Amino acid sequence: QVQLVESGGGLVQAGGSLRLSCAASGRTFSSYSMGWFRQAPGKERDFVAGINYSSNRTYYADSAKGRFTISRDNAKNTVYLQMNSLKPEDTAVYYCAAYWRYRGAYYLYYYLSEKYDYWGQGTQVTVSS
């Protein structure tokens with residue numbers, strides 16, 4: 001069992017930056033690849049970024065490339081999402097999620113929310129124009 005708690009959301013002006021954090025409970029954080037997803041009102045939950053359990057591969061949605069950076073610190077059981085050059089269309093609830101490494105094939109499924117095993121409660125990001 002893994003419990004995930006996101007933090008770092010808030011209100012920021014367009015062009016600004018935020019860093020989201022997701023703290024995981026338990027001693028098996030390094031057994032999970034991690035993803036960030038977001039959901040805007042009335043829209044589906046979309047993939048934003050992913051990182052495999054060993055941090056040697058990262059994945060980004062086209063909307064995040066060049067602006068967002070995902071990273072993790074296995075010693076702190078935490079995954080981060082650094083978001084720069086924020087736009088009003090980035091406004092959403094941001095969720096982190098854990099994908100058990102022994103499920104395999106993360107490189108194929110990283111963008112599929114239904115493949116993740118655990119989810120946080122989300123943190124709101126609002127970007128004003």
Side-chain angles (χ1 to χ4, degrees):
Q1 190 89 10
V2 176
Q3 292 185 327
L4 304 172
V5 179
E6 301 97 334
S7 62
L11 174 64
V12 64
Q13 289 189 331
S17 299
L18 283 175
R19 187 175 83 153
L20 305 183
S21 299
C22 173
S25 65
R27 296 176 291 179
T28 59
F29 180 68
S30 60
S31 294
Y32 291 86
S33 297
M34 300 297 295
W36 284 97
F37 290 75
R38 67 186 183 186
Q39 188 167 21
K43 296 189 176 181
E44 294 185 350
R45 189 171 297 188
D46 292 330
F47 170 76
V48 176
I51 186 167
N52 73 347
Y53 65 92
S54 62
S55 304
N56 63 353
R57 290 294 303 271
T58 57
Y59 308 88
Y60 295 95
D62 287 344
S63 60
K65 288 178 182 176
R67 299 188 300 128
F68 295 1
T69 302
I70 188 171
S71 62
R72 65 188 294 162
D73 185 338
N74 284 351
K76 295 182 178 180
N77 285 6
T78 302
V79 62
Y80 304 98
L81 185 68
Q82 177 67 44
M83 304 188 295
N84 299 328
S85 303
L86 283 162
K87 306 174 182 179
E89 52 263 44
D90 294 318
T91 295
V93 177
Y94 283 70
Y95 299 89
C96 70
Y99 180 112
W100 193 50
R101 62 177 282 196
Y102 296 106
R103 182 188 296 278
Y106 184 68
Y107 70 101
L108 292 176
Y109 301 133
Y110 60 87
Y111 62 98
L112 295 174
S113 60
E114 62 267 29
K115 295 294 186 179
Y116 285 76
D117 300 284
Y118 300 102
W119 291 83
Q121 82 291 346
T123 186
Q124 176 70 47
V125 171
T126 303
V127 184
S128 63
S129 57

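Residues take their numbers from the sequence shown, with the count starting at 1. Quick caveat, the model's predicted, so the values are computed rather than measured. Basis for what follows: all heavy atoms, side chains included, without hydrogens, waters or symmetry-related copies.
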List for me each residue that meets side chain to side chain donor-acceptor pair (under 3.5 Å) alongside Q124, sequence neighbours excluded, and say none if there are none.
T126
How long is the span from the CZ atom in F68 to the CG atom in L20, to the nearest 0.5 Å?
8.5 Å
State the CZ-CZ distance between R45 and R38, to the nearest 0.5 angstrom.
13.5 Å
Nearest 0.5 angstrom please: Q1 CD to D117 CG, how far?
10.5 Å
Could you list the cluster mates of L11? Members are the ILVMFWY residues connected by side-chain heavy atoms closer than 4.5 Å, either directly or through other members.
none
How would you list, by chain and number, every residue that makes a side chain to side chain contact (heavy atoms under 4.5 Å, CB included) with S71, sequence neighbours excluded?
Y80
I'd like to check the salt bridge (Lys or Arg N to Asp or Glu O under 4.0 Å) partners of R101; sequence neighbours left out, ordered by chain and number.
none
According to salt bridge (Lys or Arg N to Asp or Glu O under 4.0 Å), who are the partners of R72, at least two apart in sequence or on a separate chain?
none
Between S33 (side chain only) and Y53 (backbone N and O only), is there a donor and an acceptor less than 3.5 Å apart?
yes
S21 and K76, any side-chain heavy atoms less than 4.5 Å apart:
no
Minimum-distance pair of heavy atoms, taken over all atoms of Y60 and I70
OH-N, 2.9 Å
Rounded at 0.5 Å granularity, tell me how far SG in C22 sits from CG in N77.
10.0 Å
Do D62 and K65 pass the salt bridge (charged side-chain N to carboxylate O under 4.0 Å, His left out) test, and can you show the C-alpha distance, the side-chain angles, and the key distance before you say yes or no?
CA-CA 5 Å; D62 287 344; K65 288 178 182 176; 3.3 Å; yes
Establish whether I51 and L18 are linked, either directly or via other cluster members, by ILVMFWY side-chain heavy-atom contacts under 4.5 Å.
yes
So does N74 get a backbone contact from the side chain of S30, meaning a donor-acceptor N/O pair under 3.5 Å?
no
Using side chain to side chain donor-acceptor pair (under 3.5 Å) as the criterion, list what pairs up with S17, not counting sequence neighbours.
N84
Distance check, rounded to the nearest 0.5 Å: L86 atom CG versus R67 atom CZ?
6.5 Å
Nearest-0.5 Å distance that lies between atom CG in L81 and atom CH2 in W36:
6.0 Å
Of all residues at least two apart in sequence or in a different chain, which pass the salt bridge (Lys or Arg N to Asp or Glu O under 4.0 Å) check with K43?
none
Nearest atoms (heavy-atom pairs only) where A14 meets S129:
CB-CA, 4.4 Å
Do other residues, nucleotides or ligands put more than 12 heavy atoms under 6.0 Å from E89 CD?
yes
The remaining residues in the hydrophobic cluster of Y106, counting side-chain heavy-atom contacts under 4.5 Å among Ile, Leu, Val, Met, Phe, Trp and Tyr, are F37, F47, Y59, V93, Y95, Y99, Y107, L108, Y109, Y110, Y111, L112, Y116, W119
Run the salt bridge (Lys or Arg N to Asp or Glu O under 4.0 Å) test against R19 and tell me which residues pass, sequence neighbours left out.
none
Which residues share a side chain to side chain contact (heavy atoms under 4.5 Å, CB included) with V2, sequence neighbours left out:
L4, A24, T28, Y32, Y118
My understanding is that only residues two or more places apart in sequence, or in another chain, count here; which of them pass side chain to side chain contact (heavy atoms under 4.5 Å, CB included) with S54?
N52, N56
Could I get the full list of side chain to side chain contact (heavy atoms under 4.5 Å, CB included) partners for Q121, not counting sequence neighbours?
V5, E6
Heavy-atom side-chain contact between M83 and V125 under 4.5 Å:
yes
